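Reading through the C-alpha cells given below for one structure.
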Amino acid sequence: MGDDGLTDRSLPSIEELQSRLFEVQDRISAASTDGATVAIVGVTKTFPAVLIRRALAAGLVLIGENYGQDLEAKAAELAGLDPAPQWHFIGQLQRNKIKRLAGIVDVWHTVDRSSIVSELEKRAPGAHIYVQVNTTDEPQKAGCSEAESAQIVDEARAAGLQIDGLMTIGPTSGEDPRPSFERLRSLAEQHGVGGLSMGMSGDYETAVACGATVVRLGSVLFGPRG
Ligand SMILES: *Cc1c(COP(=O)(O)O)cnc(C)c1O
C-alpha cells in the first residue's frame, strides 16, 4: 500500500498526527497531579500499516494492536523500519495465538489467566506484561476479577515474567470511570507493581489524574475507525 494510495486519503497526515499528539500531551500534562511521564500507546487496530508509518514519523513509538493476524501482517509489512514500532498487544489473548505472536510483541497488556501466564512462560520467557483486571464487573469484558488478580500476579512473578503493571478498561456504558481507575491503582499498590495501563480516548484525562502511567489512544489520534 503506497503512501498516496486511494485508500489512504482519509487517513491523517504526519502533520495532523503531530498536532493531535501535541494536544494530547498538553492535556495529559494538565491532568497530571505529579508531572510524571505518561507513555502513549497509539492504537491502530483496523487501520492500515501506512498509518503506523505516519504515526512513527509523527513521534509515536508505542503501537497497540488488538488482533493477532492483523498484527502479524502489519509487522511483516513494516519489517526493517527505523525507528521500529514497539508493539503492544492489547486485544483478548488466546493461548494458541501466543506462539506466533511471541516474536513480534514487546509488551502484553491483557494477561488475565493462568493458562496465558504459562504459555508466555514457555513461548516468551521474561516477557513484559500487564495483568488485566476487570474493574467494572461487566460480564462481557476480559480481565481477571480483583480477587483473582493477586494470584495471577504471583503466578506471573513465579513464571519469571516482567510485570510492568496492571491494565484495565474503564466502564463502557458512560459511567464515571474514576472509581474503576482508583481501584486499579489501589490493587497495584497492594500487589507491589508500578505501572498502570488505563485510559482510552474518552477517559484518558481522568485516568492520568488517577495515576495512569500508560494510556492507550486510538480515535483521538487517528480519527474514527471504519
Ligand atoms: C480500541 C482500544 C483502545 C483505543 O480506543 P479509543 O477509544 O479509540 O482510544 C484502547 N484500549 C483497548 C484495550 C482497545 O481495545
Side-chain angles (χ1 to χ4, degrees), residues 10-12 16-17 19-28 31 38-49 51-52 54-55 58 60-71 74 85-94 97-98 101 105-113 116 128-144 149 152 164-178 180-181 183-184 188 195-226:
S10 59
L11 297 177
E16 277 170 306
L17 289 174
S19 77
R20 290 178 194 173
L21 188 56
F22 288 148
E23 156 118 31
V24 162
Q25 284 164 336
D26 280 349
R27 287 176 181 269
I28 287 173
V38 178
I40 298 171
V41 173
V43 176
T44 50
K45 64 178 166 224
T46 77
F47 286 105
L51 182 76
I52 299 174
R54 292 184 193 175
L60 274 166
V61 181
L62 316 184
I63 301 297
E65 285 283 337
N66 290 63
Y67 308 107
Q69 283 189 340
D70 289 356
L71 172 53
K74 292 178 194 181
Q86 188 187 98
W87 296 111
H88 288 241
F89 193 81
I90 63 167
Q92 292 203 17
L93 267 174
Q94 288 162 278
K97 299 284 167 58
I98 288 176
L101 295 177
V105 172
D106 294 293
V107 183
W108 309 78
H109 283 245
T110 51
V111 176
D112 65 355
R113 56 195 188 277
I116 298 293
H128 284 255
I129 67 155
Y130 288 81
V131 172
Q132 181 178 3
V133 186
N134 183 348
T135 52
T136 60
D137 296 327
E138 290 164 273
Q140 80 283 7
K141 241 192 214 170
C144 64
S149 62
I152 307 289
D164 286 355
L166 303 184
M167 178 275 206
T168 200
I169 298 173
T172 48
S173 54
E175 286 163 57
D176 179 7
R178 189 172 273 271
S180 146
F181 296 152
R183 275 208 291 280
L184 196 72
L196 292 169
S197 168
M198 58 189 195
M200 302 171 36
S201 292
D203 56 18
Y204 71 96
E205 290 163 276
T206 306
V208 168
C210 294
T213 60
V214 185
V215 293
R216 308 176 309 267
L217 304 179
S219 50
V220 73
L221 293 172
F222 305 123
R225 286 183 285 275

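As the structure lists them, so they are numbered: ligands from 1, and atoms in each ligand from 1. Keep in mind that the numbers below use all heavy atoms, side chains included, and drop hydrogens, waters and symmetry copies. If you read the sequence from its start, that first residue is 1, and numbering goes on from there. Being a predicted model, the structure only gives us computed values, none of them experimental.
- For ligand 1, the atoms sitting less than 4.0 Å from at least one non-hydrogen atom of Ile169 are 13 (C), numbered in the order shown with element in parentheses.
- A 4.5 Å side-chain heavy-atom check between Glu175 and Thr136 finds every atom pair outside the cut-off.
- In this structure, the side chain of Arg183 engages the main chain of Thr135 through a donor-acceptor pair within 3.5 Å.
- For the side-chain contact (heavy atoms from CB on, under 4.5 Å) with Leu221, the lone residue among Val43, Thr44, Ile40, Leu51 that qualifies is Ile40.
- Of all atoms in ligand 1, numbered sequentially from 1 with element shown, those under 4.0 Å from a heavy atom of Arg216 are 4 (C), 9 (O), 10 (C), 11 (N), 12 (C), 13 (C).
- Interface atoms of ligand 1 facing Leu217, defined by a heavy-atom separation under 4.0 Å, are 9 (O).
- Atom 5 (O) of ligand 1 has its closest protein heavy atom at Met200 CE, 3.5 Å.
- Of all protein heavy atoms, the one closest to atom 12 (C) of ligand 1 is Ile90 CD1, 3.6 Å.
- Of all the atoms in ligand 1, the ones that sit under 4.0 Å from a non-hydrogen atom of Ser219 are 6 (P), 7 (O), 8 (O), 9 (O).
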CA sep, side-chain torsions, deciding dist, call: Phe222, Leu11, side chain to side chain contact (heavy atoms under 4.5 Å, CB included): CA-CA 7 Å; Phe222 305 123; Leu11 297 177; over 6 Å; no

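- At a 4.0 Å heavy-atom cut-off, ligand 1 touches Asn66 through the side chain alone.
- Residue nearest to atom 7 (O) of ligand 1, selected from Gly64, Ser201, Gly143: Ser201 (by heavy-atom distance).
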Pair Lys141-Thr172, side chain to side chain donor-acceptor pair (under 3.5 Å): steps then yes or no: CA-CA 9 Å; Lys141 241 192 214 170; Thr172 48; 5.1 Å; no

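- Thr110 contributes no side-chain N or O that, together with a main-chain N or O of Ile90, makes up a donor-acceptor pair within less than 3.5 Å.
- Residue contacts with ligand 1 leave out His109, since none of its heavy atoms falls under 4.0 Å from the ligand.
- What sits closest to atom 1 (C) of ligand 1 on the protein, heavy atoms only, is Lys45 NZ, 1.4 Å.
- At least one side-chain heavy atom of Trp108 sits less than 4.5 Å from a side-chain heavy atom of Leu101.
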